[in-house]
Amino acid sequence: MFNIAVLPGDGIGVEVTEACLDLLKATQSLCGGPILQCTTYDAGAQHYARSGEALPAATLEACRRSDAILFGAMGWPDIRYPDGTEIIPQLDLRMALELYAGVRPIRWFPGLPRVLTDERARAIDFVLVREQTEGLFYARGRGRVENDEEAYDTMQITRAGTTRVSEFAFRLAARRKARGKSARVTCVDKANVFASMAFFRKIFEEVAARHPAIESDAAYVDAMALTMVRKPWTLDVMVAENMFGDILSDLAAGLIGGMGMAPSADIGDKYGLFQPAHGTAPDIAGQDKANPCAMFLSAAMMLDWLADGHEQPQLEGWARTIERAVENTLAAGAAMPMEYGGRAGTEEMTRAVIAALPQAYREAA
Ligand code: ATP
């Protein structure tokens, strides 16, 4: 049995989490094997408004005790701390649990309307690894404004932080290579301008030298933004500083048409948190309009991570079944998310993916 701490959060985070728990229940009864004991905990902006606490100590403790964390989305524009900053407990969780690798896989799904007209865009299949415990986000809560004239935020790059996230990217590339995929690791930085970024690249290259079987290179972040739009099918695994990774991951989601197909995992040496790459989407919250697929694919990443860490190949079977069910639903046109101009809201999308599970299970076996 695995204990899963579920933090639905705010806005569409709550809606896609509910959909995901239904999907996991259906997958469990279809595939059998380990039991996932999912327990929901309070955290987020709405909880802060009610209680004055964004991330209660009991919730953090439950995350520490659990085998994995399933996270919706948190934050709400109108609910802020007294200093005007937003409620973003996911950043606190990343720091508290040392979730240093933000893993954001992006691939194109047959059946979705294409954003890029080039035929080769069907082959988009890359992973962005975002460093999540330092970089420019180190400045959060530390920035200063002097005399209402000048403002400063400091970027922190450490040898230890860059080494562990680069090692993670190379291990991930090795797993891709083992599955027959191309697996070059690209360091994304601004080494031509900043000492911190030149240091980031230097450490990356030291790590690369320890992985001679995996190809590697480096690109400046501005050039990478262009490459991502011009020929994203050439990209495999990228590793970037926190802020660059933040920006590039939204661009990456845009390449496949929206946030609703972009899953993510926040991984550390001990803990793993799985959440869609999107936020709480206040503009569509409460209207049954959210595409739950990013959440479903994040749950599949959680199952893969549990399977890996606990030698539970059956959970890998669940992950492939969920992925295949999403793929088949879109490819067959059984349901098209509103985000892509279709008519399916969260509930309809969820019903369609659950209905696709039995065939997906047979195909994935
Ligand atoms: P954050 O800063 O927390 O990432 P945000 O407000 O910048 O949040 P999102 O909440 O991800 O960004 O929303 C960006 C846009 O994408 C919004 O227009 C939102 O409606 C849309 N969007 C995000 N997720 C989904 C989804 N699952 N389905 C449909 N549309 C979505």
Side-chain angles (χ1 to χ4, degrees), residues 7-23 43-48 54-55 70-81 84-94 102 104-106 109 111-113 115 128 130 132 136-137 140 242-266 273-301 322 326 329-330 335-353:
L7 280 59
D10 304 302
I12 67 165
V14 178
E15 300 164 38
V16 298
T17 301
E18 200 180 307
C20 189
L21 292 180
D22 287 347
L23 176 72
Q46 309 287 356
H47 185 71
Y48 173 80
L55 180 63
L70 194 59
F71 188 104
M74 292 185 193
W76 201 253
D78 305 338
I79 305 175
R80 292 178 183 249
Y81 291 117
T85 58
E86 277 191 50
I87 317 283
I88 317 177
Q90 52 272 44
L91 296 186
D92 301 315
L93 274 166
R94 283 173 196 164
R104 281 101 193 273
I106 291 290
F109 287 79
L112 288 181
V115 177
L128 181 63
R130 167 186 175 189
Q132 298 199 133
L136 192 52
F137 279 63
R140 180 173 175 244
N242 210 337
M243 181 71 169
F244 291 164
D246 186 29
I247 297 167
L248 288 179
S249 57
D250 273 32
L251 171 56
L255 294 174
I256 53 161
M259 302 301 293
M261 293 305 301
S264 86
D266 295 348
L273 180 152
F274 302 83
Q275 66 173 125
H278 60 74
T280 55
D283 54 334
I284 58 164
Q287 301 165 51
D288 188 40
K289 285 183 177 169
N291 178 6
C293 290
M295 187 66 178
F296 296 165
L297 298 169
S298 304
M301 291 176 81
I322 289 174
V326 171
T329 300
L330 296 170
M336 184 54 66
M338 288 182 180
E339 187 184 25
Y340 286 88
R343 283 203 298 272
T346 314
E347 286 180 15
E348 189 182 332
M349 248 354 263
T350 307
R351 274 197 303 274
V353 174

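Note that ligands are numbered from 1 as they come in the structure, with each ligand's atoms numbered from 1 the same way. Residue numbers run from 1 in the order of the sequence given. All heavy atoms count here, side chains included; hydrogens, waters and symmetry mates do not.
Heavy-atom neighbours of Glu18 CD from other residues, nucleotides or ligands within 6.0 Å: at or below the threshold of 12. Counting non-hydrogen atoms of neighbouring residues, nucleotides and ligands closer than 6.0 angstrom, the CD atom of Glu347 reaches no more than 12 such neighbours.
Every atom of ligand 1 is numbered from 1 in the order shown, and the set under 4.0 Å from a heavy atom of Gly260 is 26 (C), 27 (N). Of all atoms in ligand 1, listed by their number and element, those nearer than 4.0 Å to a heavy atom of Ile12 are 24 (N), 25 (C), 26 (C), 27 (N). Those atoms of ligand 1 with a heavy atom of Gly279 less than 4.0 angstrom away are 1 (P), 3 (O), 4 (O), 8 (O), 9 (P), 10 (O), 11 (O).
Within the 4.0 Å cut-off (strictly below), a protein heavy atom is located near atom 23 (C) of ligand 1. For atom 17 (C) of ligand 1, the nearest protein heavy atom lies closer than 4.0 Å. For atom 6 (O) of ligand 1, the protein comes within 4.0 Å by no heavy atom at all. Protein heavy atoms are absent from the 4.0 Å sphere centred on atom 2 (O) of ligand 1.
Summary of contacts: the protein heavy atom closest to atom 26 (C) of ligand 1 is Asn291 N, 3.6 Å. Summary of contacts: the protein heavy atom closest to atom 20 (O) of ligand 1 is Asp283 OD1, 2.8 Å. Looking only at heavy atoms of the protein, atom 10 (O) of ligand 1 is closest to Ala281 N, 2.9 Å. Nearest non-hydrogen protein atom to atom 14 (C) of ligand 1 is Met259 CG, 4.6 Å.
Judged by distance alone, with hydrogens and angles left aside, the side-chain atoms of Ser249 form a donor-acceptor pair with the main-chain N or O of Gly245 at under 3.5 Å. In this structure, the side chain of Glu86 does not engage the main chain of Arg80 through any donor-acceptor pair within 3.5 Å.
Residue contacts with ligand 1, taken as heavy atom pairs separated by less than 4.0 Å, involve Ile284 solely via side-chain atoms from C-beta onward. Here His278 has heavy atoms under 4.0 Å from ligand 1 in both its backbone and its side chain.
Each of Arg140, Arg94, Arg130 was checked for a side-chain hydrogen bond (donor to acceptor under 3.5 Å, both in side chains) with Asn242, and the lone residue meeting it is Arg130.
Using a 4.0 Å heavy-atom cutoff, Ala290 is listed among the residues neighbouring ligand 1.
Annotation: the span from Ile88 atom CD1 to Leu93 atom CG amounts to 12.5 Å, rounded to 0.5 Å. The distance from atom CG of Leu297 to atom OG of Ser264, rounded to the nearest 0.5 Å, is 11.0 Å. The distance from the CD1 atom of Ile256 to the CE atom of Met261 is 6.0 Å, given to the nearest 0.5 Å. Here the straight-line distance linking atom OG1 of Thr17 with atom CE of Met295 works out to 3.5 Å at 0.5 Å rounding.
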